[in-house]
**Student:** 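Can you keep this structure in mind? I'll have questions shortly.
What you see below is based on every heavy atom in this structure, not just the backbone, and it leaves out hydrogens, waters and symmetry mates. Below, chains carry the letters A, B, ... as their sequence lines are ordered, and counting in each starts from 1.
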There are 2 protein chains.
Amino acid sequence: MKSYGQFCGVARALEMVGERWALLIVRDLLVGPKRYTDLKTGLPRIPTNVLATRLKELEAAGVVVRRVLPRPAGSVVYELTEFGQELEGIVLALGRWGAQRLGAFGEGEIATADSLIMALRSTFDPDAVAGRSATYELRFGDVVISAQIENGELATDAGSTGKADLVIEAFGPLTPLLAGEITAAEVVAQGNVQLSAMDDRSAAKKLAGLEDFAAIFPIRPLPAAS
Amino acid sequence: MKSYGQFCGVARALEMVGERWALLIVRDLLVGPKRYTDLKTGLPRIPTNVLATRLKELEAAGVVVRRVLPRPAGSVVYELTEFGQELEGIVLALGRWGAQRLGAFGEGEIATADSLIMALRSTFDPDAVAGRSATYELRFGDVVISAQIENGELATDAGSTGKADLVIEAFGPLTPLLAGEITAAEVVAQGNVQLSAMDDRSAAKKLAGLEDFAAIFPIRPLPAAS
DNA sequence: CTGGATCCCTCACGATACTG
DNA sequence: CAGTATCGTGAGGGATCCAG
């Protein structure tokens, strides 16, 4: 834990969560408490010793607590402290900022349930909901998450609920759609998205549902370099 | 520039600005464009090769642009792109978060004009101003900055303006005062702060001015570990 | 003087294997 | 499941040197 030698809040923050992998661990823990192995599964490229080291450092910084679950579970979970929870806004803002440069799905890159959940949370625009309710199921390869919108609030969950109004299966990048660069019809025509619904609604209705989705979870297009 | 292998905005963001020193460079550039040597002075502990590497990486990521000033200056400055400017909220939030753990001025630690300016900007609470106007001068060792508050807006500047309503010279940590843990009178009594004013206002008025200052630039006390 | 490039050394990170 | 142990590599730290 090397100091930056500056008496400065930003420097202190970076000493606590600025090291490699640290904020990605926080990102996953923002979704909920996790066991060591769950963290490792959600962050496949992290070396196990680095994960162990980061968890100790985050614990020492008061960001994370290691807790042994009461009987009969008896397992170990890591969860954010209240102090650690305060990072949520920062992580969401970083996610929004970085999403502008997401580009295409790189080779060897993966999407995890937690990263998708945080992506939805970070781009969620309550103003775009306008009192509607909706339940979406999002499929990215074998990762499936659900998003439920009610009373202008977003609830996310890993896995399928089995009763989404609209199931959005993505085969390619959704970012052009979310950035408003192309329409729902276009992204479907490109074969990057396939829609299905529990009820047998028409294709036009499903497209409209996808347009709604894009409006609720918008990302900003990249500004021109200044 | 190693990838985290995740198709995720947070991961992308960390690939761009997550490496050591990167966000501190951004912090200084948020104050204004800077020359290589200015950056090096503001970040005394950064190795010169790391600064050069980071600047190239940030430029490649579109966060920073290297610009040669027009004649007759002809010097090189680095400045944030529009995209880089968008990090302001994140850096300020990180500063607020980290300020809770600032503690005492560590040995070997320094405060720079830029870090103080960003600290003021990050803790500035427009609601606490309530229409007042004020000009402060802050002295931390040999670092001097000025803050001018007008129309609910904050303007900061390195160096002295020479006509501050209140000059606050700090010899010890101000954080307990800003966190509301002690009063202005107490921090002055402890010898951690010395006040002076252009006009010869009374000690009580100066103390009241310091209380105002603490209300305008509040930091939150540390929450108990959950 | 500014704006770096170069060298060397160390330690953190990454990959893999292994254990209570 | 929840880590520790080991080891190679490359990035960071620190000093020095160089061109404009």
**Student:** Scan residues 26-35 of chain A against DNA chain C and write down, sorted by residue number, each residue with any heavy atom closer than 4.0 Å; if none is found, say none.
**Tutor:**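 None - not one residue of the stretch has a heavy atom sitting under 4.0 Å from the strand.
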**Student:** Taking only residues two or more places apart in sequence, or in another chain, which ones meet A:T161 in a side-chain hydrogen bond (donor to acceptor under 3.5 Å, both in side chains)?
**Tutor:**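 With sequence neighbours excluded, A:T161 shows a side-chain hydrogen bond (donor to acceptor under 3.5 Å, both in side chains) to no residue whatsoever.
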**Student:** Please give, in whole Å, the distance from D:dG3 C1' to A:E59 CD?
**Tutor:**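 After rounding, the reported distance stands at 14 Å.
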**Student:** How many Å lie between CZ on B:R20 and C1' on D:dG14, as a whole number?
**Tutor:**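 Answer to the nearest Å: 14 Å.
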**Student:** Strictly by ring-ring contact (aromatic ring centres under 6.0 Å, His included), give each pair with a member in residues 18-61 of chain A just once, sequence neighbours left out.
**Tutor:**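 Qualifying pairs, neighbours excluded: A:W21-B:Y4.
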**Student:** Does A:Y4 or A:Y78 map to a spot on DNA chain D nearer the 5' end, using the closest nucleotide for each?
**Tutor:**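 The residue mapped nearer the 5' terminus is A:Y78.
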**Student:** Reading nucleotides 15-20 of chain D from the 5' end, what letters show protein touch, with B for base, S for backbone sugar-phosphate only, - for no heavy atom under 4.0 Å?
**Tutor:** BB----
**Student:** Are any side-chain N or O atoms of B:R121 and backbone N or O atoms of B:L154, one a donor and one an acceptor, separated by less than 3.5 Å?
**Tutor:**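 Checking the backbone N and O of B:L154 against the side chain of B:R121, no donor-acceptor pair under 3.5 Å is found.
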**Student:** Toward the 5' end of DNA chain C, which comes first, B:T37 or B:K56, by nearest nucleotide?
**Tutor:**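 Counting from the 5' end, the first nearest nucleotide belongs to B:T37.
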**Student:** Rounding to an integer number of Å, can you tell me how far A:R67 CZ sits from D:dA2 C1'?
**Tutor:**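 Going from CZ in A:R67 over to C1' in D:dA2 covers 17 Å.
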**Student:** Check side-chain hydrogen bond (donor to acceptor under 3.5 Å, both in side chains) between B:R139 and all other residues, then give those that pass, not counting sequence neighbours.
**Tutor:**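 Residues passing side-chain hydrogen bond (donor to acceptor under 3.5 Å, both in side chains) with B:R139: B:E137.
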**Student:** Going by side-chain hydrogen bond (donor to acceptor under 3.5 Å, both in side chains), name the residues that satisfy it together with A:E109, two or more places apart in sequence or in a different chain.
**Tutor:**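 In terms of side-chain hydrogen bond (donor to acceptor under 3.5 Å, both in side chains), with neighbours along the sequence ignored, A:E109 is linked to B:R12.
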**Student:** Cut-off 3.5 Å, no hydrogens considered: what does the side-chain donor-acceptor table look like for residues 170-177 of chain B, sequence neighbours left out?
**Tutor:**
none

**Student:** Name the residue closer to the 5' end of DNA chain D, choosing between A:R66 and B:T53 according to the nucleotide with the nearest heavy atom.
**Tutor:**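 Result: A:R66.
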**Student:** Could you state the CD-C1' distance from A:E19 to C:dC11, rounded to the nearest angstrom?
**Tutor:**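 For the pair A:E19 CD and C:dC11 C1', the rounded distance is 11 Å.
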**Student:** What is the separation between atom CH2 on A:W21 and atom P on C:dG14, rounded to the nearest whole Å?
**Tutor:**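 The distance from CH2 of A:W21 to P of C:dG14 comes to 7 Å, rounded to the nearest Å.
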**Student:** I'd like to know if the side chain of B:T123 and the backbone of B:A119 have a donor-acceptor N/O pair within less than 3.5 Å.
**Tutor:**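 Such a contact is found between B:T123 side chain and B:A119 backbone.
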**Student:** Looking at DNA chain D, which of residues 38-46 of chain B put a heavy atom within less than 4.0 Å of it?
**Tutor:**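 Within this stretch, B:R45 sit under 4.0 Å of the strand.
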**Student:** Tell me the bend of the helix from C:dC1-D:dG20 to C:dG20-D:dC1 as the angle between end helix axes, each from five pairs, rounded to the nearest 10 degrees.
**Tutor:**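 Here the local axes at opposite ends form an angle of 30°.
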**Student:** Are B:E86 and A:R220 ion-paired here, with the side-chain N under 4.0 Å from a carboxylate O?
**Tutor:**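 Judged by the 4.0 Å cut-off on N to carboxylate O distance, B:E86 and A:R220 do form a salt bridge.
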**Student:** In this structure, how many angstroms lie between the P atom of D:dA2 and the CG atom of A:L51, rounded?
**Tutor:**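 About 11 Å, once rounded to whole Å.
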**Student:** Is the backbone of A:V63 close enough, under 3.5 Å, to the side chain of A:T81 for a donor and an acceptor to pair up by distance?
**Tutor:**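 Looks like yes, one N/O pair under 3.5 Å.
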**Student:** How close or far is atom P of D:dG12 from atom CG of A:L14, stated in whole angstroms?
**Tutor:**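 Distance check: A:L14 CG to D:dG12 P gives 14 Å.
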**Student:** Taking B:E57 first and then B:R54, would you say they form a salt bridge - that is, a charged N and a carboxylate O separated by under 4.0 Å?
**Tutor:**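 B:R54 and B:E57: salt-bridged.
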**Student:** B:D165: which residues meet the side-chain hydrogen bond (donor to acceptor under 3.5 Å, both in side chains) condition with it, sequence neighbours left out?
**Tutor:**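 With neighbours one apart ignored, the set is empty.
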**Student:** Would you mind listing every ring-ring contact (aromatic ring centres under 6.0 Å, His included) that reaches into residues 45-71 of chain B, with sequence neighbours excluded?
**Tutor:**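 Passing the test, one end in residues 45-71 of chain B: no pairs.
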**Student:** Hey, can you tell me if A:F213 and A:Y136 have their rings parallel, tilted or perpendicular (30° and 60° cut-offs)?
**Tutor:**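 Perpendicular.
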**Student:** From the set C:dG4, D:dG3, C:dA12, return the single nucleotide nearest to any side-chain atom of B:Y36.
**Tutor:**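 Nearest to the side chain of B:Y36 among the choices is C:dG4.
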**Student:** With salt bridge (Lys or Arg N to Asp or Glu O under 4.0 Å) as the rule and sequence neighbours excluded, what pairs involving residues 24-38 of chain B come up?
**Tutor:**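 Matches after skipping sequence neighbours: B:K34-B:D114, B:R35-B:D38.
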**Student:** In whole angstrom, what separates A:E15's CD from D:dG12's C1'?
**Tutor:**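 Rounding to the nearest Å, CD of A:E15 and C1' of D:dG12 are 15 Å apart.
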**Student:** Under 4.0 Å, heavy atoms only, any strand: does B:S75 hit a base, just the sugar-phosphate, or nothing?
**Tutor:**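 Sugar-phosphate contact only - B:S75 comes under 4.0 Å of backbone atoms but never of a base.
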